[in-house]
Q: 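For reference, the structure I am asking about is given below.
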Amino acid sequence: MITVWGRTTSSNVQTVMWALAEIGLEHERIDAGGPFGGLDTPEFFAMNPNRLVPVLRDGGEYLWESASIVRYLGARYGSEQFWPKDPLKRARLDQWSDWTKTTLVPAFLTNVFQPMMRNRPGERDEAALARGLEGLMKVMRVFDARLAEGDYLGGAEPCFADCVAGVLLYRYFTLEIERTHLANLQAYYDRLTKRPAYARHVMVSYDSMRAK
Ligand SMILES: N[C@@H](CCC(=O)N[C@@H](CS)C(=O)NCC(=O)O)C(=O)O
């Protein structure tokens, strides 16, 4: 049995839960992090010395870092479509997974989403947010151009890289920000929302993360 530690409101936990559901793997999830706490214990430290979720246990082995976890799930249990064995095909998907962590996450979560969650309207640094939004639109244009190539990053069905990159789009499209219309990105998001695994594990309210 696969076990995941992590709260449902964490986008990194959502990446793993979505991948498990797409592959069709039986699993259990234990609430941890955020209001559930549990990351400060010696037992959690032994599972992930960073004291962050998600953590996945498979058999007696523990893994952390959401993108590494979905690569593992793909390599061990996924179809050729979800995790291609061909090194070049896979590297072209690794690119988008790495790009998400190094480019999209800072542009969106760090510069726009988190400041909006941590500060109430009227208490936000609007100039910094405007700069963040401008940077985010440049990054989203790059994603939009890539999405012109097919329904999902790996072809006709989602792959591990979609689970890393696509997870952020629910927040992107529901946050109260001005978005430049990007047709491929919009169509990709619309496709994602029709997938039961995405609707169940990713389209999760983030209202509890807002400053009260
Ligand atoms: N790069 C890591 C980031 C993990 C991370 O930052 N997790 C956050 C939740 S998204 C966390 O554990 N925060 C502390 C908490 O939830 O209490 C990954 O992709 O798994």
Side-chain angles (χ1 to χ4, degrees), residues 2-23 25 27-58 61-76 78 82-83 93-119 132 136 139 143 153 158-175 192 197-198 200-212:
I2 290 175
T3 304
V4 177
W5 280 261
R7 57 189 164 88
T8 56
T9 50
S10 152
S11 57
N12 295 305
V13 173
Q14 291 170 3
T15 288
V16 172
M17 298 304 293
W18 175 20
L20 285 167
E22 288 290 354
I23 299 173
L25 287 169
H27 57 275
E28 60 172 357
R29 187 187 56 78
I30 297 172
D31 275 322
F36 301 98
L39 312 187
D40 291 335
T41 64
E43 291 77 18
F44 195 89
F45 180 81
M47 297 197 295
N48 182 357
N50 301 293
R51 298 191 182 285
L52 295 171
V53 290
V55 170
L56 177 135
R57 180 178 63 202
D58 188 12
E61 303 298 328
Y62 293 85
L63 289 170
W64 40 269
E65 281 299 333
S66 55
S68 304
I69 292 173
V70 298
R71 282 187 178 93
Y72 164 76
L73 293 174
R76 172 141 290 196
F82 191 87
W83 190 83
L93 298 173
D94 283 331
Q95 275 182 173
W96 289 98
S97 174
D98 291 350
W99 172 87
T100 300
K101 293 297 189 186
T102 59
T103 305
L104 180 55
V105 164
F108 177 50
L109 291 186
T110 312
N111 295 345
V112 178
F113 181 79
Q114 284 160 358
M116 288 182 71
M117 291 299 110
R118 286 181 187 144
N119 303 288
L136 175 60
V139 165
F143 199 10
L153 289 169
C159 68
F160 70 93
D162 292 289
C163 294
V164 180
V167 80
L168 296 174
L169 295 186
Y170 171 67
R171 292 178 181 184
Y172 173 77
F173 277 104
T174 55
L175 197 62
L192 291 180
Y198 190 86
R200 167 146 188 231
H201 295 291
V202 182
M203 298 173 76
V204 173
S205 169
Y206 47 84
D207 268 347
S208 63
M209 296 165 80
R210 291 182 190 271
K212 299 284 178 298

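Predicted model, so just to flag it, every value in this text is computed and none were measured. Indexing begins at 1, ligand by ligand and atom by atom, following the structure's order. Counting begins at 1 with the first residue of the sequence.
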Q: I need the minimum non-hydrogen distance between G38 and T41, along with the two atoms involved.
A: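 Heavy-atom minimum between the residues: O-OG1, 3.6 Å.
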
Q: Output yes when the distance from some N or O of ligand 1 to some N or O of S10 is under 3.5 Å, and no in every other case.
A: no

Q: In the protein, which heavy atom is nearest to atom 13 (N) of ligand 1, and how far is it?
A: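 Of every protein heavy atom, L52 CD2, 3.7 Å lies nearest to atom 13 (N) of ligand 1.
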
Q: Among all protein heavy atoms in this structure, tell me which lies nearest to atom 19 (O) of ligand 1, with the distance rounded to 0.1 Å.
A: S66 OG, 2.6 Å

Q: Which protein non-hydrogen atom lies closest to atom 8 (C) of ligand 1, naming both residue and atom, and how far is it?
A: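 For atom 8 (C) of ligand 1, the nearest protein heavy atom is V53 O, 3.8 Å.
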
Q: Is there a side-chain contact between T8 and Q14 in this structure, where contact means two heavy atoms from C-beta onward sitting under 4.5 Å apart?
A: no

Q: For atom 3 (C) of ligand 1, which protein heavy atom lies nearest, and how many Å away is it?
A: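 Of every protein heavy atom, N12 ND2, 3.5 Å lies nearest to atom 3 (C) of ligand 1.
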
Q: I want to check something: taking the side chain as every heavy atom from C-beta on, are R57 and M47 in contact at a cut-off of under 4.5 Å?
A: no

Q: Under 3.5 Å, is there a donor-acceptor pair linking the side chains of Y206 and T174?
A: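 There is such a pair between these side chains.
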
Q: To the nearest 0.1 Å, how far is atom 2 (C) of ligand 1 from its closest protein heavy atom, and which atom is that?
A: E65 OE1, 3.3 Å

Q: Is the shortest side-chain N to carboxylate O distance from D207 to R210 below 4.0 Å?
A: yes

Q: List the closest protein heavy-atom neighbour of atom 17 (O) of ligand 1: residue, atom name, distance to the nearest 0.1 Å.
A: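 Looking at atom 17 (O) of ligand 1, the protein heavy atom closest to it is G34 N, 2.7 Å.
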
Q: What I want to find out is whether D98 reaches R71 closely enough, with some N-O distance under 4.0 Å, to be called a salt bridge.
A: yes

Q: Check whether any N or O atom of R51, backbone or side chain, sits under 3.5 Å from an N or O atom of ligand 1, and answer yes or no.
A: no

